[in-house]
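Read the structure below first, then the notes.
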Amino acid sequence: MDIIEAILRQSSLWEITLLAVLIYLFIQPDFRKRITKIKLGNFELELQELKDQVQKGQEKIQELEEEVENERRFFEDFLEDFDPNTPISELAKVRQSIRSQAKNLTELESLKSLLNLQSSAEELYFTAVALREKRPVSLLPDLISFLQELSADKNLGGYRLNTIWTLTSALHLTLIACIRDKVGPMPDKEILEQAQRTLNALEQNPRVQQDRPDNPSKGIRGPLKHALTWVGKGLEANKKA
């Protein structure tokens with residue numbers, strides 16, 4: 001693409017037209033055997049170099065398509081095999097499998113699309129673990145909005161508490177990534193204030209209050225408090241900016 005852009009900047013209309021004709025001829029096998037170089041004004045283009053760049057582009061597209069296909073297959077296999085009612089003590093192996101896959105996850109739109117109350121228990125658990133591992137700052141507003149939606153439901157959407165804990169922990173770790181580690185842009189005041197309201201509302205949710213009343217820090221209120229601390233640090237940083 002750099003070569004083509006350079007040509008367009010340095011060439012007149014007739015030269016560009018000629019180049020289009022020559023590119024057409026270039027894809028003809030007999031022409032390629034005889035011609036190896038094009039000269040337009042002061043710009044000289046090796047046809048083999050153009051061919052190599054086109055080939056590299058095609059290979060890159062194929063690699064991306066294969067990555068997306070592998071991710072889709074892993075997700076489908078996970079949904080087929082995972083029991084959302086699996087005891088907490090048996091979730092470690094499942095979490096590790098999702099985390100390993102999430103490290104190489106390239107397509108974040110699929111995670112974003114699952115942050116809604118229509119997602120199944122299996123889909124949301126996968127999403128929660130992947131977000132906690134990946135910590136994508138770009139999805140921070142979507143995660144906050146979904147937690148806000150959950151907090152307004154007395155039953156937290158019917159999802160198990162471990163899934164809500166994982167989502168809240170994902171928010172906590174993502175806030176650390178963007179506020180402390182400077183990964184991506186600092187969240188603006190509006191997003192941070194929304195996060196603050198959301199976390200305060202989530203804390204008052206009846207199911208959250210019932211989660212580990214003997215030791216709240218071991219339940220959802222643990223990562224929730226940590227997330228609120230980082231929201232506060234973010235708001236302070238915004239004031240100084």
Side-chain angles (χ1 to χ4, degrees), residues 84 88 95 98-99 102 105 108-213 215-241:
I88 297 294
R95 281 198 306 271
I98 300 173
R99 290 173 61 190
L105 189 65
L108 297 177
E109 281 300 312
S110 58
L111 296 180
K112 178 179 177 179
S113 67
L114 291 171
L115 288 171
N116 66 77
L117 292 174
Q118 283 68 52
S119 292
S120 68
E122 298 94 329
E123 289 172 330
L124 192 60
Y125 183 74
F126 177 95
T127 302
V129 175
L131 288 175
R132 189 172 186 269
E133 177 65 29
K134 198 74 174 175
R135 306 169 195 181
V137 175
S138 62
L139 296 188
L140 185 62
D142 303 283
L143 178 55
I144 293 170
S145 293
F146 181 56
L147 284 172
Q148 184 176 28
E149 191 175 7
L150 283 170
S151 70
D153 184 343
K154 292 182 178 180
N155 196 35
L156 295 173
Y159 300 108
R160 67 188 298 176
L161 292 176
N162 183 259
T163 298
I164 307 302
W165 182 96
T166 306
L167 285 168
T168 309
S169 181
L171 174 59
H172 165 219
L173 295 176
T174 305
L175 286 168
I176 289 178
C178 56
I179 295 172
R180 185 192 70 187
D181 302 334
K182 312 300 182 185
V183 178
M186 167 74 78
D188 61 29
K189 180 182 177 183
E190 183 179 350
I191 290 176
L192 290 170
E193 288 179 343
Q194 182 188 5
Q196 192 173 57
R197 291 192 301 270
T198 296
L199 291 166
N200 286 329
L202 185 62
E203 186 174 21
Q204 299 305 313
N205 185 279
R207 284 192 68 199
V208 173
Q209 289 290 316
Q210 294 164 13
D211 186 26
R212 295 299 302 269
N215 192 349
S217 65
K218 295 296 183 182
I220 297 169
R221 282 174 284 179
L224 191 154
K225 290 291 187 184
H226 294 311
L228 277 171
T229 296
W230 281 99
V231 166
K233 291 181 179 182
L235 288 170
E236 283 299 317
N238 268 275
K239 289 180 182 178
K240 296 176 183 178

Next on the checklist: Can a donor-acceptor pair be found, under 3.5 Å and without considering hydrogens, that links the side chain of D181 to the backbone of V183?
Outcome noted: no

Next on the checklist: Using every non-hydrogen atom in the two residues, find where T163 and A128 come nearest and quote the distance to one decimal.
Outcome noted: O-CB, 4.0 Å

Checklist entry - Can you tell me how far the CG atom of L117 sits from the CG atom of L124, to the nearest 0.5 Å? => result 8.5 Å

Checklist entry - Judged by atom type as modelled, is there a donor-acceptor pair below 3.5 Å linking the side chain of D211 to the main-chain atoms of G219? => result no

Checklist entry - Side chains of N200 and L228: closer than 4.5 Å at any heavy-atom pair? => result yes

Checklist entry - Quick check: does any side chain N or O of S119 sit under 3.5 Å from a backbone N or O of L114, one acting as donor and the other as acceptor? => result yes

Item to check | Taking every non-hydrogen atom, the tightest pair across W230 and I179 | outcome: O-CD1, 3.1 Å

Item to check | Contact check, side chains of S151 and Q204, non-hydrogen atoms, under 4.5 Å | outcome: no

Item to check | Gap separating the CG atom of L235 from the CG atom of D188, nearest 0.5 angstrom | outcome: 10.0 Å

Checklist entry - Is there side-chain contact between E203 and K225, with at least one heavy-atom pair below 4.5 Å? => result yes

Item to check | Working for side chain to side chain contact (heavy atoms under 4.5 Å, CB included), residues Y125 and R95 | outcome: CA-CA 9 Å; Y125 183 74; R95 281 198 306 271; 2.8 Å; yes

Next on the checklist: The test is side chain to side chain contact (heavy atoms under 4.5 Å, CB included); show your working for I176 and H172 and say whether it passes.
Outcome noted: CA-CA 6 Å; I176 289 178; H172 165 219; 3.3 Å; yes

Item to check | Taking every non-hydrogen atom, the tightest pair across L199 and A227 | outcome: CD1-CB, 3.7 Å

Next on the checklist: For T127 versus L111, what's the shortest heavy-atom pair and its separation?
Outcome noted: CG2-O, 3.7 Å

Next on the checklist: If you compare all heavy atoms of T168 against all heavy atoms of P223, which two are closest, and at what distance to 0.1 Å?
Outcome noted: CG2-C, 4.0 Å

Item to check | Working for side chain to side chain contact (heavy atoms under 4.5 Å, CB included), residues L115 and L147 | outcome: CA-CA 9 Å; L115 288 171; L147 284 172; over 6 Å; no

Item to check | Minimal non-hydrogen separation, N155 against R207, with atom names | outcome: O-NH1, 2.9 Å

Checklist entry - Between D153 and G158, is there a donor-acceptor pair closer than 3.5 Å when you use the side chain of the first and the backbone of the second? => result no

Checklist entry - Are side-chain heavy atoms of I98 and E133 found at a separation under 4.5 Å? => result no

Item to check | T166 and R132: side chain donor to acceptor below 3.5 Å | outcome: no

Checklist entry - Which value, rounded to the nearest 0.5 Å, describes the distance between R221 atom CZ and L202 atom CG? => result 10.5 Å

Checklist entry - Going through the checks in order, is the side chain to side chain contact (heavy atoms under 4.5 Å, CB included) test met by L167 and Y159? => result CA-CA 11 Å; L167 285 168; Y159 300 108; over 6 Å; no

Checklist entry - Under 3.5 Å, side chain of S113 to main-chain N/O of S110, donor-acceptor pair present? => result yes

Next on the checklist: Quick check for you: to the nearest 0.5 Å, what is the distance between L171 atom CG and T198 atom OG1?
Outcome noted: 8.5 Å

Next on the checklist: With rounding to the nearest 0.5 angstrom, report the CD to CG distance, Q210 to L161.
Outcome noted: 8.5 Å

Next on the checklist: When you measure from the side chain of K134 to the backbone of L105, do you find a donor-acceptor pair of N or O atoms at a distance under 3.5 Å?
Outcome noted: yes

Checklist entry - Can you tell me if S169 uses its side chain to pair, donor with acceptor, with the backbone of W165 under 3.5 Å? => result no

Checklist entry - Does K233 reach the side chain of T229, with side-chain heavy atoms less than 4.5 Å apart? => result yes

Checklist entry - What's the spacing between F126 CZ and S120 OG if we round to 0.5 Å? => result 11.5 Å

